[in-house]
Number of protein chains: 2
Amino acid sequence: MDLERRVEEFKRKARALGLKVTPQRLAVYKAIAQRHDHPSAEELFEELKDKIEGISLTTVYRTLSSLESVGLVQRVPTLKDKVRYDARVEPHSHFVCLKCGKIYDLDTIPKVNRKEVESVGEPVSCTAICYGICKECKGEEV
Amino acid sequence: MDLERRVEEFKRKARALGLKVTPQRLAVYKAIAQRHDHPSAEELFEELKDKIEGISLTTVYRTLSSLESVGLVQRVPTLKDKVRYDARVEPHSHFVCLKCGKIYDLDTIPKVNRKEVESVGEPVSCTAICYGICKECKGEEV
DNA sequence: TTTTAAGAGCAAACTATTTGTATATGCTTA
DNA sequence: TAAGCATATACAAATAGTTTGCTCTTAAAA
């Protein structure tokens, strides 16, 4: 889906969910939607502060948390202390480069042992994380 | 493997890796090894502060980071801002309860689309996270 | 034992994130 | 389409989680 349509859908959904569509929110959403590197609040703010009149780090944090609470963005599971966000909210997985830390999207949904999962609880969704060395870093090795 | 053997193995490995085996480190390791709830540094400290003479939160943090750096414990991928640790370092997966937040171990290793993963990079390990409602919480529903 | 490099404790620093509050603004409805 | 109001914003200050500097202590090799 192209960005414009996603943005229109975002506006519609946000309003339907009782969230006002402000320039700041729109800017944050657009930024996440067109990047594929799952930025943190700080990174989004760095990108937007010069482009968008009147945006503060606080607003970025509050925006992300509002959007997350209505399911318009998602957190990415990580080992680190910084929260990273994803505008892809349908089930998918990630590849984390152990060298550069970049996170790539994988379309795959993992197959897990249903019996075992159900012995613990009722699953709602599953995601996989693959750790490894990305092609870019692989290429740099001499 | 029983706790005693794991502790002996821990001592041996730690020394071999150049880490001194102190009472504090031993206590931290034992605590993680016998719990299955992947505690945070703070939670470990809460558990140990009354049992172990001379342990500080700082030491728990430093211990975890030393043990992690030599591979004797691992972080658990989460969506939250608190780092959680696991003494199971062999590949396995997790089930996260969306209601109570508890994290359960799954023995499964996910099957992912190898072709797709290799288009991004060279995988080293893969883990799955299943989100759902655990049996305990399911039982509470009236 | 003795020696010494590594670990522990405390306090203070740091980083990521949240909150209080006064002002501004999307958007519903009259 | 203007008005009113609930919701959003910015700033500063607070908080939570984690790390660091420094001094004293100790595990363990010799």
Side-chain angles (χ1 to χ4, degrees), chain A residues 7-8 10-29 31 38-70 72-73 75-85 101, chain B residues 7-8 10-29 31 38-70 72-73 75-85 101:
Chain A
V7 168
E8 285 313 309
F10 167 77
K11 289 185 186 172
R12 193 177 50 71
K13 282 190 188 163
R15 290 199 184 99
L17 290 160
L19 292 182
K20 287 183 182 170
V21 176
T22 66
Q24 292 90 335
R25 284 180 175 172
L26 214 44
V28 168
Y29 183 78
H38 315 90
S40 65
E42 182 87 44
E43 286 163 347
L44 285 167
F45 175 65
E46 281 307 310
E47 175 181 343
L48 296 175
K49 68 176 184 194
D50 297 325
K51 291 196 224 162
I52 306 302
E53 186 77 21
I55 192 152
S56 70
L57 182 53
T58 305
T59 296
V60 175
Y61 274 109
R62 276 207 244 238
T63 297
L64 291 169
S65 115
S66 309
L67 299 189
E68 187 196 358
S69 69
V70 298
L72 285 166
V73 303
R75 296 182 179 210
V76 180
T78 75
L79 300 175
K80 296 279 183 57
D81 46 358
K82 228 185 230 178
V83 179
R84 300 178 68 154
Y85 288 90
Chain B
V7 168
E8 284 313 309
F10 166 78
K11 289 185 185 171
R12 193 178 48 72
K13 283 189 186 165
R15 291 201 183 96
L17 290 159
L19 293 182
K20 285 184 185 170
V21 175
T22 66
Q24 292 91 335
R25 284 181 174 173
L26 213 44
V28 168
Y29 183 78
H38 316 90
S40 65
E42 182 86 45
E43 286 163 346
L44 286 167
F45 176 65
E46 281 307 308
E47 176 181 342
L48 297 175
K49 68 177 185 192
D50 297 326
K51 292 196 224 163
I52 306 301
E53 186 77 21
I55 192 151
S56 70
L57 183 52
T58 306
T59 296
V60 175
Y61 274 109
R62 277 206 246 239
T63 298
L64 290 170
S65 115
S66 311
L67 299 189
E68 188 196 357
S69 70
V70 298
L72 285 166
V73 302
R75 295 184 179 209
V76 180
T78 76
L79 301 175
K80 296 279 182 56
D81 46 359
K82 226 186 232 178
V83 179
R84 299 177 67 154
Y85 288 89

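If you're wondering where the values come from, they're calculated on a predicted model, not measured in any experiment. A note on names: the letters A, B, ... follow the listed sequences, proteins ahead of strands, and every chain is numbered from 1.
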Per side-chain contact (heavy atoms from CB on, under 4.5 Å), B:Ile55 is matched among B:Thr63, B:Leu48, B:Thr22 by B:Leu48
| Is a side-chain donor or acceptor of A:Arg84 paired with a backbone partner of A:Arg75 at a separation under 3.5 angstrom? | no
Q: Please check if the side chain of A:Glu47 supplies one atom and the backbone of A:Leu44 the other of a donor-acceptor pair under 3.5 Å.
A: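 No, the answer is negative, given that no donor and acceptor are paired below the 3.5 Å cut-off.
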| request: Check whether any side-chain heavy atom of B:Leu19 sits under 4.5 Å from a side-chain heavy atom of B:Leu67, and report yes or no. | output: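 The answer is yes, as the side chains (C-beta and beyond) meet within the 4.5 Å cut-off.
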Original post:
Should A:Tyr85 and A:Glu68 count as side-chain neighbours, where that means a heavy-atom distance under 4.5 Å?
Top reply: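 SC-SC contact between A:Tyr85 and A:Glu68 confirmed.
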Side-chain contact check for B:Val21: nearest option of C:dT25, D:dA28, D:dT9 is D:dA28
Winner on side-chain proximity to A:Lys20, out of C:dC27, C:dG7, D:dA27, is C:dC27
In whole angstrom, what separates [X]'s [atom1] from [N]'s [atom2]?
{"X": "B:Ile52", "N": "C:dG7", "atom1": "CD1", "atom2": "C1'", "value": "16 Å"}
{"X": "B:Leu48", "N": "C:dA8", "atom1": "CG", "atom2": "P", "value": "13 Å"}
{"X": "B:Ile55", "N": "D:dT26", "atom1": "CD1", "atom2": "C1'", "value": "15 Å"}
{"X": "A:Leu17", "N": "C:dC27", "atom1": "CG", "atom2": "P", "value": "13 Å"}
{"X": "A:Arg25", "N": "C:dA24", "atom1": "CZ", "atom2": "P", "value": "19 Å"}
{"X": "B:Phe45", "N": "D:dT19", "atom1": "CZ", "atom2": "C1'", "value": "16 Å"}
{"X": "A:Glu53", "N": "C:dA24", "atom1": "CD", "atom2": "P", "value": "15 Å"}
{"X": "A:Gln24", "N": "C:dT23", "atom1": "CD", "atom2": "C1'", "value": "13 Å"}

- Task: Determine, step by step, whether B:Thr59 and B:Ser56 satisfy the side chain to side chain donor-acceptor pair (under 3.5 Å) criterion, reporting the C-alpha distance in whole Å, the side-chain angles of both residues, the deciding distance to 0.1 Å, and the verdict.
- Result: CA-CA 5 Å; B:Thr59 296; B:Ser56 70; 3.0 Å; yes
If you measure from CD on B:Gln24 to CD on B:Glu53, what distance do you get to the nearest 0.5 Å?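 Between atom CD of B:Gln24 and atom CD of B:Glu53 there are 10.0 Å.
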- Task: Would you please confirm or rule out a distance under 4.0 Å between OP1 or OP2 of C:dG7 and any side-chain N or O of B:Thr59?
- Result: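 Indeed not, no polar side-chain atom of B:Thr59 lies that close.
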Protein heavy-atom contacts under 4.0 Å, written 5' to 3' over nucleotides 13-19 of chain C as B (base), S (sugar-phosphate only) or - (none), form the string ---SBBB
